[in-house]
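Everything numeric here is computed off the predicted structure, so don't read it as measured data. Convention: sequence-line order gives letters A, B, ...; per-chain numbering from 1.
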Protein chains: 2
Amino acid sequence: MAAQTGSQSVERASALLGLIVESGAPRTFSSLVDELGLAKSTTSRLLQALERSRLVYRDRAGAFRPGALFSLHAARPSALHDLAELARPTMEHLSTLCRETVNLAVARGGQLVEIDQVDSRYLIGATNWVGVDVPAHCTALGKVLYAYGALALPPGQLERRTAHSPVDRAQFEHALVEVRRRGWAGSLDELELGLAAVGAPVRAVDGTVVAAVSVSGPTNRINDFGITRLGDLLVTELRGLSGLLGHQPGRKGGSA
Amino acid sequence: MAAQTGSQSVERASALLGLIVESGAPRTFSSLVDELGLAKSTTSRLLQALERSRLVYRDRAGAFRPGALFSLHAARPSALHDLAELARPTMEHLSTLCRETVNLAVARGGQLVEIDQVDSRYLIGATNWVGVDVPAHCTALGKVLYAYGALALPPGQLERRTAHSPVDRAQFEHALVEVRRRGWAGSLDELELGLAAVGAPVRAVDGTVVAAVSVSGPTNRINDFGITRLGDLLVTELRGLSGLLGHQPGRKGGSA
DNA sequence: ACCCGGGTTCCATAATGTGAAACTTTGGAC
DNA sequence: GTCCAAAGTTTCACATTATGGAACCCGGGT
């Protein structure tokens with residue numbers, strides 16, 4: 001019933017690696033022992049093997065963190081492509097549900113980076129955003145990343161793009177509270193008149209927000225669909241993605 | 001020359017993973033069999049285990065690519081921090097050698113992203129660049145990333161910052177050829193009068209350029225040090241980093 | 001000095017990983 | 001369509017390799 005056939009040491013080592021990578025924070029040896037329920041000796045040996053292979057390393061405090069191979073991968077431009085590929089099915093699905101442009105973004109280098117887009121099914125719709133530089137606080141994606149701390153609000157004036165753009169920092173902070181409460185963010189006519197978007201977070205298994213997905217289109221069509229309905233839809237659909245990014249949702253194990 | 005002690009299946013699996021991640025391109029099953037020299041059956045079983053653990057996945061063509069765990073990590077803002085941490089010792093070392101500001105950058109989302117800096121030992125020197133938005137074609141880091149294809153030159157006018165800024169595309173392309181030939185890039189007074197920098201690539205084990213490191217300071221001091229000497233120094237020092245990013249350089253004492 | 005908690009090493013045991021070969025699947029040639 | 005080769009998976013008998021309990025080590029708190 002346990003693992004399929006064959007390699008159990010590899011699966012155990014991978015499980016350790018999963019714990020280390022999924023929880024953004026450094027993991028201590030004993031927390032790993034506890035969580036997987038393996039013998040200390042076994043855990044120790046497996047971690048040593050992973051360390052030799054540069055899949056994990058110990059920081060100064062002796063805690064385990066994702067190793068050089070992960071950093072190497074992260075440095076490649078193609079890394080985000082892979083994320084996009086994982087998210088693709090979900091994004092396509094959202095596209096079929098609401099027929100509007102769907103976007104995926106992450107925070108990188110203190111900036112919002114759009115990494116993928118599924119185009120609107122309508123002739124009139126949001127056009128390509130990937131690579132375009134827009135003020136994040138006027139976008140649903142940006143609000144989501146700000147709200148969950150994936151992105152830090154830069155100092156200085158908040159740029160005004162339209163009469164609806166949020167420019168007051170206090171008010172904006174308050175709006176972020178609201179975003180966290182509801183679980184999604186809206187942006188109506190804030191970036192460009194007639195353009196609206198609704199966005200929600202993509203979470204890793206540990207709950208950390210690692211990316212955001214938005215649906216955007218003409219304000220009237222978005223309104224017709226229903227802002228709240230759209231927000232809730234996004235939240236629901238994106239929940240599925242968390243599973244993809246981490247463990248299998250199904251199999252429970254461990255707890256000796 | 002057996003591995004230390006214990007877990008050989010984990011090490012073998014990790015070796016497979018290493019091959020898959022290090023070579024940017026998707027790896028085919030048989031290339032992995034050939035390269036590691038393991039039995040087909042063993043390779044197959046190990047890869048299946050890695051696949052179950054989401055450390056690799058097979059694309060449509062059936063080739064192996066880094067799995068969801070890698071994408072997840074790459075999406076985290078902290079991912080580049082880890083790279084910075086790996087590069088730190090090298091950067092510190094460069095700093096002690098030439099006493100100027102040392103910077104680390106990668107290409108992300110079509111843009112150059114500075115991710116770490118070791119400040120100049122002088123009172124007058126390049127100040128903080130991290131997060132500052134500068135035209136990449138006027139910087140040594142940018143030239144390096146352009147030269148090795150990590151970054152694509154955007155269409156449109158090349159912004160002029162000083163009288164020395166490269167603005168002619170044909171000339172710039174030619175300069176990139178020169179960069180590739182020498183292995184490093186210089187930028188004298190191109191971004192700001194009196195500011196100079198020399199940069200060189202950080203390569204993964206397969207040779208792909210994943211990042212760039214530069215040394216920058218007042219033009220006169222950089223000149224005094226010697227542009228070529230600095231370029232060669234960078235190339236030499238950064239070669240060591242490739243080791244860190246990939247295979248083990250040798251399990252022995254290493255750092256004193 | 002003492003003890004305590006986190007971590008590594010030893011070692012006997014057998015469970016687990018191993019590879020040759022048989023087998024299946026895929027795809028190309030004719 | 002048939003035939004064949006290459007690519008990959010599963011089987012299976014065997015022994016190498018992983019396993020966990022206990023002993024051991026190390027640092028630091030009292």
Please give, in whole Å, the distance from dG7(C) P to E51(A) CD?
12 Å
Could you check which of dT16(C), dT18(C), dT8(C) has an atom nearest any side-chain atom of Q8(B)?
dT18(C)
Please list, chain by chain and in numerical order, all residues satisfying side-chain contact (heavy atoms from CB on, under 4.5 Å) with P26(A), sequence neighbours excluded.
D59(A), A63(A), R65(A)
Over all strands shown, is S30(A) touching base, sugar-phosphate only, or nothing at heavy-atom distances under 4.0 angstrom?
sugar-phosphate
When the nearest nucleotide of DNA chain C is assigned to R58(A) and to G37(B) on a heavy-atom basis, which residue is associated with the more 5' position?
R58(A)
Would you please say whether a donor-acceptor pair under 3.5 Å links the side chains of S216(A) and S214(A)?
no
Going by heavy atoms in the side chains, are I20(A) and L47(A) under 4.5 Å from each other?
yes
Between S44(B) and dT9(D), does any side-chain N or O lie under 4.0 Å from OP1 or OP2?
yes
If you look at every strand shown and take non-hydrogen atoms under 4.0 Å, does S41(A) touch a base, only sugar-phosphate, or nothing?
base
OP1 or OP2 of dG17(C) versus the side-chain N and O atoms of S9(A): is any pair under 4.0 Å?
yes
Would you mind reading off the distance between F64(A) atom CZ and dT8(C) atom C1', rounded to a whole angstrom?
11 Å
Consider the side chain of R45(A), meaning its heavy atoms from C-beta on, and name the nucleotide among dT9(D), dT8(C), dG20(D) that approaches it most closely.
dG20(D)
Ring centers of F70(B), F70(A) separated by less than 6.0 Å
yes
Return the value, rounded to whole Å, for the distance between atom CD of E35(A) and atom P of dG6(C).
16 Å
On DNA chain C, check which nucleotide each of L46(B) and K40(B) is closest to and give me the residue with the more 5' one.
L46(B)
May I ask you to evaluate whether Q48(A) reaches the phosphate of dT9(C), defined as a side-chain N or O under 4.0 Å from OP1 or OP2?
yes
Provide, to the nearest angstrom, the distance between the CG atom belonging to L16(A) and the C1' atom belonging to dA18(D).
14 Å
Any side-chain N or O of R12(B) below 4.0 angstrom from OP1/OP2 of dT18(C)?
yes
For a 4.5 angstrom cut-off between non-hydrogen side-chain atoms, does Y146(A) reach L153(A)?
yes
Expressed in angstrom and rounded to an integer, what is the separation of L38(A) atom CG from dT8(C) atom P?
14 Å
In whole Å, I'd like the distance from the CD atom of E11(A) to the P atom of dA18(D).
15 Å
